[in-house]
Amino acid sequence: MKKFRFMVLLALILCIGLTTPAYAGSTPFVDVQPGHWAYDAVSEAYHDKVMAGVEEDTFAPDDKITLAQFVTILTCAFYRDEVESSAASGAWYAKYYDVAMFHHLLDGIADNQHSYELLREDMAQIMYHVMDDQGVRFPDIQTLQAAESKIPDLETVNLDHSGAVLACYSLGLLSGMDIQGHFVPKAHMTRAQTAVVYTRLKQAVQQWGGSKANSPKTAESLPKVSFSAEYMSSPYYQALQNVALTGGVPAGYYCCCPFANRLWRGGCGKPVGWFLSWQQELYRVWALFWQQWFCMVF
């Protein structure tokens, strides 16, 4: 009899020890249950109070996410105190945009309208800006070049965003949409993907972040991407070498032609292993022509 009681007691102890508290990792969302590929990320984002459902019990994991929603999530996650103290008013997203603009999180995003449905390449660019602002140390050239070989469609990424995509891949924050590793830069971000991105970005900042860098970007803070010797010796590379720092024409120049100024924003070329198309070469020569003849030195 005593042996039987002992066995029952032992079984109860084991059951209690194996039972997970109901609140740990749980969510109220009926459409994101254990077994869903993004369940852990959605649960973490929900408990961190940076993401909520579209309804009380519905997360809508496959819904597209807008720029305003993405900005809200990231500013709540990394700049919550500043959001709460922001004096911006008006639209519901005003405080979040105010903080995002102050920290230059939307630099390089062509369409910063709040209703803009976020593309994956824009997501990578914003992630890069958050890490830069949070003092994350980026990989060296060799690591970036290794990441380049893992992205078969890297040449379809907006040239301005390619450095950010490489940095995110190198740090393990992003991966391909299929087994071949295609990034699919023009695909829209979903709510489930956003939850995953948030958790990885949070981990990166905690692991590699330092003191916040609110000062203007320097050459050391930009992704280090190598270029071919032929391209670096070309006149248009020499003229464009400061574009990554100024976001437009080289420092000290004012261009009176908006079209030419826009062409300047093509960046400093493509990483080693890429070849510029004749159209891109023509655009750069055209931009150089406008700079030489229609820009004034201050």
Engineer: Taking C-beta and beyond as the side chain, do H103 and V130 meet within less than 4.5 Å on heavy atoms?
Structural biologist: no
Engineer: List the steps and the verdict of side-chain contact (heavy atoms from CB on, under 4.5 Å) for Y169 and L144.
Structural biologist: CA-CA 8 Å; Y169 261 79; L144 289 173; over 6 Å; no
Engineer: State whether a side-chain donor-acceptor pair under 3.5 Å links D40 with S43.
Structural biologist: no
Engineer: So, D122 and H161: side-chain donor and acceptor under 3.5 Å apart, yes or no?
Structural biologist: yes
Engineer: Return the CE to OG1 distance between M51 and T27, rounded to the nearest 0.5 Å.
Structural biologist: 12.0 Å
Engineer: Using a 4.5 Å cut-off between side-chain heavy atoms of Ile, Leu, Val, Met, Phe, Trp and Tyr, which other residues end up in the same hydrophobic cluster as V196?
Structural biologist: W37
Engineer: Answer yes if the side chains of D153 and H182 hold a donor-acceptor pair under 3.5 Å, and no otherwise.
Structural biologist: no
Engineer: In sequence, state the C-alpha distance, the side-chain angles, and the governing distance for Y128 and F138, and then conclude on side-chain contact (heavy atoms from CB on, under 4.5 Å).
Structural biologist: CA-CA 9 Å; Y128 166 75; F138 293 104; 3.0 Å; yes
Engineer: R120 pairs by side-chain contact (heavy atoms from CB on, under 4.5 Å) with which of H188, Q125, M189?
Structural biologist: M189
Engineer: Give a yes or no on whether Y96 atom OH has more than 12 heavy-atom contacts from other residues, nucleotides or ligands under 6.0 Å away.
Structural biologist: no
Engineer: Please name all residues satisfying side chain to side chain donor-acceptor pair (under 3.5 Å) with S170, sequence neighbours left out, ordered by chain then number.
Structural biologist: none
Engineer: In terms of heavy-atom contacts, does CD of E117 have more than 12 from other residues, nucleotides or ligands at under 6.0 Å?
Structural biologist: yes
Engineer: Go through L154 and F183 one step at a time and tell me if the side-chain contact (heavy atoms from CB on, under 4.5 Å) criterion holds.
Structural biologist: CA-CA 7 Å; L154 185 58; F183 178 58; over 6 Å; no
Engineer: Between N112 and Y116, is any pair of side-chain heavy atoms under 4.5 Å apart?
Structural biologist: no
Engineer: Can I get a per-line list of side-chain donor-acceptor pairs under 3.5 Å for residues 56-68, giving both atom names and the distance, sequence neighbours left out?
Structural biologist:
residue	atom	partner	partner atom	Å
T66	OG1	Q69	N	3.3
T66	OG1	Q69	OE1	3.4

Engineer: Can you confirm whether Y97 sits close enough to L106 that some side-chain heavy atom of one is under 4.5 Å from a side-chain heavy atom of the other?
Structural biologist: yes
Engineer: Please name all residues satisfying ring pair (Phe, Tyr, Trp, His ring centres under 6.0 Å) with Y46, sequence neighbours left out, ordered by chain then number.
Structural biologist: F29
Engineer: Would you confirm whether T143, through its side chain, and P139, through its main-chain N or O, come within 3.5 Å as a donor-acceptor pair?
Structural biologist: no
Engineer: Which pair of heavy atoms, one from A45 and one from A195, lies closest together, and at what distance?
Structural biologist: CB-CB, 4.4 Å
Engineer: With ILVMFWY side chains joined below 4.5 Å, transitively, what does V184's cluster contain besides itself?
Structural biologist: M177
Engineer: Report yes or no: do V54 and F70 belong to one cluster of Ile/Leu/Val/Met/Phe/Trp/Tyr joined by side chain heavy-atom distances under 4.5 Å?
Structural biologist: no
Engineer: Can you sort out the partners of H114 under ring pair (Phe, Tyr, Trp, His ring centres under 6.0 Å), two or more places apart, ordered by chain and number?
Structural biologist: Y93
Engineer: To the nearest 0.5 Å, how far apart are CD in Q206 and CD in Q134?
Structural biologist: 10.5 Å
Engineer: If you group Ile, Leu, Val, Met, Phe, Trp and Tyr whenever their side-chain heavy atoms sit less than 4.5 Å apart, what else falls in with V30?
Structural biologist: none
Engineer: Flag the pair L174 / M123 as yes when at least one side-chain heavy-atom distance between them is below 4.5 Å, and no otherwise.
Structural biologist: yes
Engineer: Nearest heavy-atom pair of A192 and H36: which atoms, and what distance?
Structural biologist: CB-CE1, 4.5 Å
Engineer: Quiz question: by atom type and distance under 3.5 Å, do the side chains of D133 and Y79 form a donor-acceptor pair?
Structural biologist: yes
Engineer: Check the pair S162, E148 against side-chain contact (heavy atoms from CB on, under 4.5 Å), reporting the backbone distance first and the verdict last.
Structural biologist: CA-CA 10 Å; S162 58; E148 179 186 351; over 6 Å; no
Engineer: Going by side chain to side chain donor-acceptor pair (under 3.5 Å), name the residues that satisfy it together with K202, two or more places apart in sequence or in a different chain.
Structural biologist: E44, D48
Engineer: Got K95 and V99 here, is their nearest side-chain heavy-atom distance under 4.5 Å?
Structural biologist: no
Engineer: Could you tell me which residues satisfy side chain to side chain contact (heavy atoms under 4.5 Å, CB included) with R80, sequence neighbours excluded, listed by chain and number?
Structural biologist: K49, V50, C76, E84
Engineer: Just wondering, do L173 and V197 contact through their side chains at under 4.5 Å, heavy atoms?
Structural biologist: no
Engineer: If every non-hydrogen atom of C168 is compared with every non-hydrogen atom of M131, which pair is closest and at what distance?
Structural biologist: SG-CE, 4.0 Å
Engineer: Nearest 0.5 Å, please: how far is CD in Q145 from CG in D140?
Structural biologist: 9.0 Å
Engineer: Rounded to the nearest 0.5 Å, how far apart are OG1 of T194 and CG of L201?
Structural biologist: 11.5 Å
Engineer: Which atom pair, heavy atoms only, marks the closest approach of R200 to S175?
Structural biologist: NH1-OG, 4.1 Å
Engineer: Just to verify, what does N158 make a side chain to side chain donor-acceptor pair (under 3.5 Å) with, not counting sequence neighbours?
Structural biologist: none
Engineer: Heavy atoms only: give me the nearest G209-V136 pair and the separation to one decimal.
Structural biologist: CA-CG2, 3.8 Å
Engineer: Would you say that T75 contacts D98 through its side chain, given a criterion of any heavy-atom pair below 4.5 Å between the two side chains?
Structural biologist: no
Engineer: By the salt bridge (Lys or Arg N to Asp or Glu O under 4.0 Å) test, which pairs, at least two apart or in different chains, include something from residues 171-186?
Structural biologist: E121-K186
Engineer: How long is the span from the CG atom in L166 to the CD1 atom in I141, to the nearest 0.5 Å?
Structural biologist: 12.0 Å
Engineer: Output all residues satisfying side chain to side chain donor-acceptor pair (under 3.5 Å) with T156, sequence neighbours left out; order by chain, then residue number.
Structural biologist: none
